[in-house]
Colleague: 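Got a structure for you, written out below as structure tokens; questions coming shortly.
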Protein chains: 2
Amino acid sequence: MSEPRFQAVVADDHAIVRSGLRAALESPGLVEPAGVKVVAEAADGLSAIAAIRQHRPSLLLLDVQMPLAGGLEVLIEARRWSPETRVVVLSGVTSPGKIGELVSCGVDGLFSKGEDNDELFGALPGILRGRRHVSEVFRRMLEEAPEVPDLSERERQVLNLVVTGRSNKEIAQILGISVKTVDRHRTNLMQKLDVHSVAQLIAYALREGLIAPTSGL
Amino acid sequence: MSEPRFQAVVADDHAIVRSGLRAALESPGLVEPAGVKVVAEAADGLSAIAAIRQHRPSLLLLDVQMPLAGGLEVLIEARRWSPETRVVVLSGVTSPGKIGELVSCGVDGLFSKGEDNDELFGALPGILRGRRHVSEVFRRMLEEAPEVPDLSERERQVLNLVVTGRSNKEIAQILGISVKTVDRHRTNLMQKLDVHSVAQLIAYALREGLIAPTSGL
DNA sequence: GATGGATTGGGGGATCTACCCCATCCTGCG
DNA sequence: CGCAGGATGGGGTAGATCCCCCAATCCATC
């Protein structure tokens, strides 16, 4: 058997997923003529980046949601340190916003974890030859996605603090601005997002993935 | 090769995870002498239950978070229709509350997806012989878990409505009670949970998995 | 049958939210 | 240069929230 022509790095926080992907990638006949060899696995974003810098593989298969660094950050870093690496992102359920970011940052492949993997593995040879492939599910999601109500930097900060349970007074102290200004940002925020209460604001933020659900309190 | 002695059903909403688990379970040498055969896969809770009723396998490997029915519901239904099936739950990151529920409902095995699978596969033979095994991570989580602030039925209803963005007035109309009573429940709720605003209430509810993040608006 | 909890609800008040009004300052852009 | 847009705030207000006070009912458990 000849040496595998393509090297791959697999990044996912679940060990089972990593071994499943490794097995699938290395199964003979997937990519002709020599197949793919998984040279490294990573359980979090930072070690994924480290693995990219070390191996500069042909392919990076990575999950969107990972500890320490998300899919988007890893994508950007991968582009920086190993521009020729094809980056394929696997996503669980994510918001149109996140998906859109990934696409506009130029992922080479974008697939859902939930659907069959046939689409992924069917498209892989093409991707390794430089084609791009965004899963049908996500393409529809992006078309149907209605609003992209882009928020300013300050608004995003305020939103994050609101969502973590801070009152206007606390936010004002944290950001070193007046309560009135926080109030202003909040009003603009709710107008942009077309909601009318903190609860809806939080629900929206979580749904759209504007903020991490892991941000404490 | 002799017929496998143990039949298994694998339930997870991600196809990659299912195939990874199938490969690992069916790899020779895992369980002596005859190994495990995966007789069915399920991508959601309801088909998991259906598979259990049809196959009555020795082992059910299932994810906590699945569409249509969660891990707990599937566990309960599995016990009902196939009491001799060993149920092993795999969990991503979940709250102490959910973990505690699973344990007190008597799962035969409880493992984290993030950690190495060695613990799972090492414990599997024992589990198939009737032993129970809760992963070290979760055992520590349960020990360190401080509060179990159990809420009344009404409080839970109110919490759910608050979290989905309803105002006190709306909640009062929905439940057919006075605004004052809603207010009362809310106050008690916040006292029990030691929080002081809607935002913190929502953050708490999401963090502890008291409510589904998928509840609209 | 008494005690405790859950649920119900009214009065009242301090505070906060949501949203108007207004203005200033700065920065980037045609 | 003007001018839009972002960020900054002050005044004001109707309404909502948060949290006290109080008491009634029902229901289980001791």
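Here is how names work: the chains are called A, B, and so on, in the same order as the sequence lines, proteins then strands, and each is numbered from 1.
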Colleague: So, A/Thr85 side chain and A/Pro57 main chain: donor-acceptor pair closer than 3.5 Å or not?
Modeller: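 Checked: pair present.
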Colleague: From the list D/dT17, C/dG9, D/dC18, which nucleotide is the closest neighbour of the side chain of B/Ile177?
Modeller: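 The nucleotide sitting nearest to the side chain is C/dG9.
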Colleague: So if I take every side-chain heavy atom of B/Arg154 and compare against C/dT7, D/dG9, D/dC18, which nucleotide ends up nearest?
Modeller: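 Shortest atom-to-atom distance from the side chain points to C/dT7.
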Colleague: When you measure only distances, ignoring hydrogens and angles, does the side chain of B/Lys180 come within 3.5 Å of the base of C/dG12 through a donor and an acceptor?
Modeller: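 Counting by modelled atom types and ignoring angles, a donor-acceptor contact under 3.5 Å is found here.
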Colleague: So does B/His196 get a side-chain nitrogen or oxygen closer than 4.0 Å to the phosphate oxygens (OP1/OP2) of C/dT15?
Modeller: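 For B/His196, the contact criterion (side-chain N or O under 4.0 Å from OP1 or OP2 of C/dT15) is not met.
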Colleague: When you measure from the side chain of A/Ser178, which nucleotide among C/dT17, D/dG9, C/dC19 comes out closest?
Modeller: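 Taking heavy atoms from C-beta onward, the closest nucleotide is D/dG9.
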Colleague: Under 4.0 Å between a side-chain N or O of B/Thr181 and OP1 or OP2 of C/dG9?
Modeller: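 For C/dG9, OP1/OP2 do have a side-chain N/O of B/Thr181 under 4.0 Å.
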Colleague: Just how far, in rounded Å, is P of D/dA7 from CD of A/Gln157?
Modeller: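 For the pair A/Gln157 CD and D/dA7 P, the rounded distance is 9 Å.
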Colleague: Students often get this wrong, so: under 4.0 angstrom with heavy atoms, is A/Arg184 touching a base, only sugar-phosphate, or nothing?
Modeller: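 Base, at least one base heavy atom under 4.0 Å.
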Colleague: Answer yes or no: is there an ion pair linking B/Arg18 with B/Asp63, defined by an N-O contact shorter than 4.0 Å?
Modeller: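 So B/Arg18 does not pair with B/Asp63 through a salt bridge.
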Colleague: Tell me: CG of A/Leu201 to C1' of C/dT17, nearest whole Å?
Modeller: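 Nearest whole value for this atom pair: 12 Å.
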Colleague: Expressed as a whole number of angstroms, how long is the span from B/Asp183:CG to C/dG13:P?
Modeller: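 It is 16 Å, rounded to the nearest whole Å.
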Colleague: Can you check the A/Leu189 CG to D/dT8 P distance for me, whole Å?
Modeller: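 Interatomic distance, CG of A/Leu189 to P of D/dT8: 13 Å.
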Colleague: Rounded to whole Å, please give me the gap between NZ in B/Lys169 and C1' in D/dG15.
Modeller: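 Rounded to whole Å, this separation is 8 Å.
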Colleague: Given atom CZ of B/Arg166 and atom C1' of C/dT17, what is their separation to the nearest angstrom?
Modeller: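 Those two atoms, CZ and C1', are 20 Å apart.
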Colleague: Calculate the interatomic distance between A/Arg186 atom CZ and C/dC20 atom C1'; express it in whole Å.
Modeller: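 Distance, rounded to whole Å: 17 Å.
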Colleague: For the side chain of B/Asn168, counting heavy atoms from C-beta on, which of C/dT7, D/dT17, C/dC19 is nearest?
Modeller: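 Looking only at side-chain atoms, B/Asn168 lies closest to D/dT17.
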Colleague: So A/Val198, base contact, sugar-phosphate only, or nothing? Heavy-atom distance under 4.0 Å.
Modeller: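 The answer is sugar-phosphate, as A/Val198 gets under 4.0 Å only of primed atoms, P, OP1 or OP2.
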Colleague: Indicate whether the side chain of B/His185 and that of B/Gln157 have a donor and an acceptor atom separated by less than 3.5 Å.
Modeller: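 Distance-only check fails for B/His185 and B/Gln157.
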Colleague: Any sub-3.5 Å donor-acceptor pair from A/Arg139's side-chain atoms to A/Val134's backbone N or O?
Modeller: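 Yes, the answer is positive, given that a donor and an acceptor are paired below the 3.5 Å cut-off.
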Colleague: How about B/Arg166 and B/Thr164: does a side-chain donor come under 3.5 Å of a side-chain acceptor?
Modeller: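 Yes - a donor-acceptor pair under 3.5 Å links their side chains.
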Colleague: Expressed in angstrom and rounded to an integer, what is the separation of A/Glu153 atom CD from C/dG28 atom P?
Modeller: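 Atom CD in A/Glu153 sits about 15 Å away from atom P in C/dG28.
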Colleague: Please work out if A/Gln191 contacts a base, only the sugar-phosphate, or nothing of the nucleic acid, heavy-atom cut-off 4.0 Å.
Modeller: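 The residue A/Gln191 makes no contact with any strand.
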Colleague: State which of D/dT17, D/dT8, C/dC19 makes the closest approach to the side chain of A/His185.
Modeller: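 My answer, after comparing the listed nucleotides, is D/dT8.
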Colleague: Do any N or O atoms from the side chain of A/Ser82 and from the backbone of A/Ala78 form a donor-acceptor pair under 3.5 angstrom?
Modeller: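 Not at all, since once roles are kept as given, no pair shorter than 3.5 Å links the two residues.
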Colleague: Is A/Ser152 near enough to D/dG5 that one of its side-chain N or O atoms lies under 4.0 angstrom from OP1 or OP2?
Modeller: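 No, because none of the side-chain N or O atoms of A/Ser152 sits under 4.0 Å from OP1 or OP2 of D/dG5.
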Colleague: Tell me which nucleotide among D/dC18, D/dA7, C/dA6 gets nearest to the side chain of B/Lys192.
Modeller: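 Nearest listed nucleotide: C/dA6.
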